[in-house]
Amino acid sequence: MYSLVLILLLTPPQAQAKSPNVNIYEQAADDEKTQSFSAKVRVVREISDETEVFFEGDKAKGAYTLPHGGNHATMLKALEASKKANGPAVSVTADADKRIKSVELKQQSEGYVPPTDSKQAWDIEKAAASVQQK
């Protein structure tokens, strides 16, 4: 017993064990940042396995690519609708390599629509509110 106590006293204290690293998984790289913007589509063209899209405005310069796969048809339909003369703008999310990840059509505010039936009365309050918003 005495020898055990003597051994414990003579051995140098061991360093405290460092806490285990909790970041064992690979962290996402900073270059994988996404950008979101709203713009109107200028040109949509098919090139081999991808679709190139050009937008109007200063926020989105250059060609963005829409890869095939996933919900490609839905996004392409929204982009084509925005390309029309009075089509709505689209909200686009793209990665750093200008690959489009998601597309959503922005809803246009129609304002007040007057009744088509001449026997119906106009709602003056809604018409006035729609004019004030513009």
Side-chain angles (χ1 to χ4, degrees):
M1 175 80 169
Y2 181 69
S3 61
L4 181 63
V5 173
L6 189 59
I7 292 174
L8 290 176
L9 290 176
L10 293 177
T11 56
Q14 294 181 355
Q16 291 285 336
K18 294 183 180 177
S19 61
N21 186 3
V22 293
N23 295 329
I24 58 173
Y25 299 107
E26 214 174 286
Q27 293 180 352
D30 290 337
D31 59 347
E32 292 184 20
K33 293 183 180 179
T34 60
Q35 65 176 15
S36 298
F37 58 90
S38 295
K40 191 152 170 52
V41 175
R42 183 181 298 168
V43 176
V44 176
R45 63 181 178 191
E46 293 283 332
I47 296 181
S48 63
D49 289 342
E50 296 179 336
T51 305
E52 281 191 346
V53 183
F54 293 89
F55 296 97
E56 295 179 359
D58 296 333
K59 292 181 183 177
K61 293 183 178 180
Y64 284 78
T65 56
L66 180 64
H68 286 281
N71 55 356
H72 173 77
T74 306
M75 291 191 287
L76 185 61
K77 186 176 179 180
L79 292 168
E80 290 288 345
S82 175
K83 189 172 96 170
K84 294 180 181 174
N86 55 354
V90 289
S91 295
V92 177
T93 304
D95 64 6
D97 295 330
K98 293 189 174 183
R99 290 189 167 275
I100 297 174
K101 298 295 181 190
S102 68
V103 177
E104 292 181 19
L105 275 175
K106 288 198 146 206
Q107 298 297 326
Q108 291 179 325
S109 59
E110 301 257 337
Y112 178 71
V113 179
T116 56
D117 187 8
S118 61
K119 295 178 183 176
Q120 283 185 322
W122 284 43
D123 191 350
I124 302 299
E125 292 175 3
K126 286 184 181 177
S130 120
V131 170
Q132 288 177 354
Q133 288 177 355
K134 292 180 182 179

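Quick note: residue numbers are just sequence positions, from 1. Side chains are part of it too, since the values below use all heavy atoms of this structure and drop only hydrogens, waters and symmetry mates.
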### Message
Run the side chain to side chain contact (heavy atoms under 4.5 Å, CB included) test on Arg99 and Glu50 for me, step by step, so that the C-alpha distance in whole Å, both residues' side-chain angles and the decisive distance to 0.1 Å come before the verdict.
### Response
CA-CA 10 Å; Arg99 290 189 167 275; Glu50 296 179 336; 2.8 Å; yes
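- Within the structure, ring pair (Phe, Tyr, Trp, His ring centres under 6.0 Å) pairs that include any residue of residues 66-107 comprise His68-His72 (at least two apart or interchain).
- Residues in residues 81-104 take part in no ring pair (Phe, Tyr, Trp, His ring centres under 6.0 Å) pair, two or more places apart or across chains.
- When atom types are taken as modelled, the side chain of Lys98 and the backbone of Thr65 share no donor-acceptor pair closer than 3.5 angstrom.
- The OG atom of Ser38 sits 6.0 Å away from atom NZ of Lys59, with the distance rounded to the nearest 0.5 Å.
- Pairing each heavy atom of Ala39 with each of Ser82, the nearest pair is O-OG, 4.2 Å.
- Every pair passing salt bridge (Lys or Arg N to Asp or Glu O under 4.0 Å) that includes a residue from residues 77-87 is listed here, sequence neighbours excluded: Glu80-Lys83.
- Residues Asn86 and Lys40 come closest through the heavy atom pair C-NZ, 4.5 Å.
- Val43 belongs to a hydrophobic cluster whose other members, connected by ILVMFWY side-chain contacts under 4.5 Å either directly or through intermediates, are Phe54.
- The closest donor-acceptor contact from the side chain of Asn71 to the backbone of Thr74 lies at 3.5 Å or more, if one exists at all.
- Under 3.5 Å, the side chains of Ser91 and Glu104 contain no donor-acceptor pair of N or O atoms.
- If you check the side chains of Thr34 and Thr93, you find no donor sitting under 3.5 Å from an acceptor.
- Applying the side chain to side chain donor-acceptor pair (under 3.5 Å) criterion to Glu56, with sequence neighbours excluded, gives no partner residue.
- Residue Phe55 belongs to a hydrophobic cluster whose other members are Phe37, Val41, Val44, Val53, Tyr64, Leu66, Met75, Leu76, Leu79, Val90, Val92, Ile100, Val103, Leu105, with links defined by side-chain heavy atoms closer than 4.5 Å.
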